[in-house]
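Take a look at the structure below.
Letters A, B, ... are given to chains in the order of the sequence lines, protein chains preceding strands, and every chain is numbered from 1. Values in this document were obtained by computation on a predicted structure and should not be read as measured data.
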Amino acid sequence: MRIHNTESGELEELVTRRPGHVDMYVCGPTVYGPPHLGHARTVICFDMIRRWLMHSRTVTFVSNYTDVDDKIIARAREEGRSAEEVARTYEQVWADIMRRLRVLEPDRTPRATEAISGMISMIESIVERGHAYPANGDVYFDVSSYAGYGRLSHQSLADLRAGARVEPGEHKRNPEDFALWKAAKPGEPSWESPWGPGRPGWHIECSVMSTDAFGMGFDIHGGGSDLVFPHHENEIAQAEAATGAKPFARYWLHSGMVNLAGEKMAKSTGNVVMLSDLLEVHSAEAIRLLVAQTHYRHQLEFTEDLVEECERAVDRLATFRDRVAEVLQVDSAALTGPLLEALAGGRDGYAGSGGEGEVGPEAEAMSALERSMDDDFGTPGAVAALFEMTKRANAELDTGRLDAAWSWAKALAVFDEILGVLPPAREEGADTALVEGLVELALDIRRRARESRDFELADRVRAGLGELGILVEDAPTGTRWRRDRRQTAGR
RNA sequence: GGCGGCGUAGCCGAGUGGCUCAGGCAGAGGUCUGCAAAACCUUGUACGGCGGUUCGAUUCCGCCCGCCGCCUCCA
């Protein structure tokens, strides 16, 4: 498996610290407001990366919450609440939305405020080893003392110096130095430390939380590309300066930004699509497909029309899944939930549908999936493989070749395990039986009307159901119906 | 200014030194159907510009043009 390492700028063979295991840390959100599509893009990219790694290895996935920060404090002031209340609120909002986007929960979600003592010890080590200095209750990292600085972002100290600046009230020796600890200001949350009361600086938390989880030299560290500098650069400097060990992380993965109207989506400019709004109108699957169709390192230009297109594409997959379920005479729901997972577990023997020597669509799709994903997590290729399989299998279904349906179901299971783009089948609700009964009743009336060639009545029944979000289709095997996903996506 | 990325058919978006093709959406024609829907089949000779390397470049190199990101909190 080859993956792109930001540090080398090249594709490298993935060699993990422990064979068969991957320890992975992805920078989580600063919880000061609700998440937007840009956040989702990053999270979904790393979710798919994680799922692919899980396909063949044991993965421990850690992602933090940054719950102490200037913006949280500012927000708390606005809302007249404590910073902690603000952080807990938006942590919950984040977790809810990511669950709705079918993102797997991290194995651990450490909070910055729960790692303060670790941060203090790390800062002490950095100071002891001569890479940081206290000044007026602050502590700054001495960038000039650390030779590897700029390694990740491929910039020289001179380059960085040109852009660096000193904020009023800071006590840096050099502009490129950065704060490890900030002296408390009145009314702000603070913790006791050897340098007096204060709170941690911008980047120390991730150095501490990731090494708390995994120690030095863990496998993969990820995040959005806007974190490369200074956040990740500083994480490296801190962890390596504190321990003298190298490397901090073996592979650095960075996902691209989402653009809206040609510019980066960012809260600060108001150039955002909030996920709560997007999920009112669109399904998680369409959003995931949109993300999967662009390589994770590339920029993603967002428009409403693109999600709408993905919605139609997802419908296509759902229709195929339902056809397969029909052939197998199982409920579609069974091909979406636990059975699918069980199927995905046994991934041997994609015997294929054809006769001897013929390779079935699912076998080709599986090898294309593997090829693409093993090459720097090529989700676009995986998506293409999924649709290619759908087309070919549909063609076989059209000609009545059903013997491979079970293999298709298994392949769908694997694709859904990695990408999570198959929409859930008919949802069970309190009124499911009633709805189904009424629809069947209406369809029975329609069937009788058709038999007596009263097509006007038959079409009225179909149109009426259509208005209620029930799609009716006459197949050679009989009439089938389904709910119009797009009318119910927001619920 | 420094670092990095991108420019592919109507739109989105993979990919590759030549060989039959990414894929999705949209469009056109067709099969099926009472009609529709779904599905399938057919259909589009695209690779920003100019040079260079090469038998041959969209793919490699150089320059130019355009767009974007980071260099400040940011997924």
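The interatomic distance linking A/Asp474 (CG) with B/A38 (C1') rounds to 10 Å, in whole Å.
Inter-residue side-chain proximity for A/Trp408 and A/Leu397 is flagged as met; some heavy-atom pair is nearer than 4.5 Å. Taking the side chain as every heavy atom from C-beta outward, A/Thr379 and A/His295 never approach each other to under 4.5 Å. For the pair A/Leu37 and A/Leu275, the minimum side-chain heavy-atom distance is below 4.5 Å. Side-chain contact between A/Asp454 and A/Glu456 is present, with heavy atoms from C-beta onward closer than 4.5 Å.
Contacts between residues 1-12 of chain A and RNA chain B, defined by a heavy-atom separation under 4.0 Å, are absent.
In this model, the phosphate group of B/G34 is not approached by any side-chain N or O of A/Arg450 to a distance below 4.0 Å at OP1 or OP2. Phosphate contact (OP1/OP2 of B/A36, side-chain N/O of A/Arg462, threshold under 4.0 Å): absent. Between A/Arg312 and the phosphate of B/A26, there is a side-chain N or O to OP1/OP2 separation shorter than 4.0 Å.
Between the side chains of A/Thr66 and A/Asp69, no donor N or O sits under 3.5 Å from an acceptor N or O.
As judged by a 4.0 angstrom heavy-atom cut-off over every strand, A/Asn259 is placed among residues touching the sugar-phosphate backbone only. Across all strands, A/Arg446 comes closer than 4.0 Å to base atoms (heavy-atom distances). When heavy atoms are screened at a 4.0 angstrom cut-off, A/Glu473 is found touching base atoms of the nucleic acid. At a threshold of 4.0 angstrom between heavy atoms, the contacts of A/His231 with the nucleic acid are absent. Nucleic acid contact class of A/Val26 (heavy atoms, under 4.0 Å, all strands): none.
Partner assigned to B/C67 is B/G5, using Watson-Crick or G-U wobble distances below 3.5 angstrom. Within the shown strands, nothing qualifies as a pairing partner of B/U20 under the Watson-Crick or G-U definition with both distances less than 3.5 Å. Taking a pair to require two hydrogen-bonding distances under 3.5 Å in either a Watson-Crick or a G-U wobble arrangement, B/A39 pairs with B/U31.
The ring of A/Phe455 lies on top of the base of B/G34, close enough and flat enough: under 5.5 Å between centres, under 30° between planes.
Nearest heavy atom pair, residue A/His4 against residue A/Leu253, reads O-CD1, 3.4 Å.
Taking the ring centre of A/Tyr32 as origin, the terminal cationic atom of A/Lys267 falls inside the region bounded by 6.0 Å and 45° from the ring axis.
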